[in-house]
Amino acid sequence: MNLWDEIASLFAGRGSGVYFGENVSMTEHALQAAHFAREAAAPTPLIIAALLHDVGHLVVPVPDDLADWTHDARHEQIGGAWLGRRFGPEISEPVRLHVPAKRYLCAVDPGYFAALSPASIHTLKLQGGPMSDAEVAEFEARPYHAAAVKLRRWDDLGKVQGLRTPALEHYRAWIEEMAAAHQSLRPRRQAATPSTPNAPTTTG
Ligand code: FE
């Protein structure tokens with residue numbers, strides 16, 4: 001299956017499920033995050049990162065009911081790894097850091113925590129709560145941390161019931177373009193490594 005078909009089938013399969021504890025579906029949430037990134041004139045890779053930031057939830061399902069969520073699903077790690085096999089770090093790393101970015105914002109922006117939805121407060125506890133001062137310094141030293149903070153804010157905005165946005169197909173050319181650019185940049189050695197037959201490619 002090519003990358004576009006893989007992404008389209010992930011959204012078609014689980015995307016209609018409700019976005020945890022909110023009034024939008026997983027697909028609506030993804031399209032809204034990308035829409036807000038576009039409105040902010042974000043660079044294209046960051047728009048695609050916003051669109052695919054919760055792909056970890058699509059490849060490894062977690063309970064629909066937030067009350068059944070008793071541990072952190074680490075969807076940002078699963079999603080970051082999944083994206084890292086298909087795109088460059090400018091897409092995978094903001095996604096990998098978008099949960100730490102929430103813990104970061106809770107530590108440095110007093111208004112941020114106050115505005116979190118009840119569902120987001122529930123998951124914050126499972127994710128480790130606000131960062132300590134040492135964790136804040138460590139986070140700020142990481143490449144892509146600023147992009148992750150921007151992504152996080154679009155993620156938080158993407159919960160508007162009934163908001164009209166461009167469809168998934170709208171992003172197809174950008175997705176294909178960036179995946180192709182990433183493939184062409186990969187070292188020959190890596191590209192020439194034979195893949196394991198029947199290795200799973202859709203789980204992180
Ligand atoms: Fe999200």
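Atoms within a ligand are numbered from 1 in the order they appear, just like the ligands themselves.
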TODO: Output yes when Arg86 and Glu6 qualify as a salt bridge under the 4.0 Å nitrogen-oxygen rule, no when they do not.
DONE: yes
Task: Residue among Leu46, Val149, Leu83 satisfying side chain to side chain contact (heavy atoms under 4.5 Å, CB included) with Pro94 - done: Leu46
TODO: May I ask you to say whether Asp109 pairs ionically with Arg153, meaning some side-chain N is under 4.0 Å from a carboxylate O?
DONE: yes
- [ ] Would you mind checking if Arg172 and Glu176 are paired as a salt bridge, meaning a charged N to carboxylate O distance below 4.0 Å?
- [x] yes
Open item on the list: Suppose the cut-off is 2.8 Å; how many protein N/O/S atoms fall inside it around the Fe ion (ligand 1)?
Closed with: 5
Open item on the list: Please find the pair of heavy atoms, one from Phe139 and one from Ala101, that lie closest to each other, and give the distance.
Closed with: CZ-CA, 3.7 Å
Open item on the list: If you compare all heavy atoms of Tyr144 against all heavy atoms of Glu90, which two are closest, and at what distance to 0.1 Å?
Closed with: CE2-CA, 3.6 Å
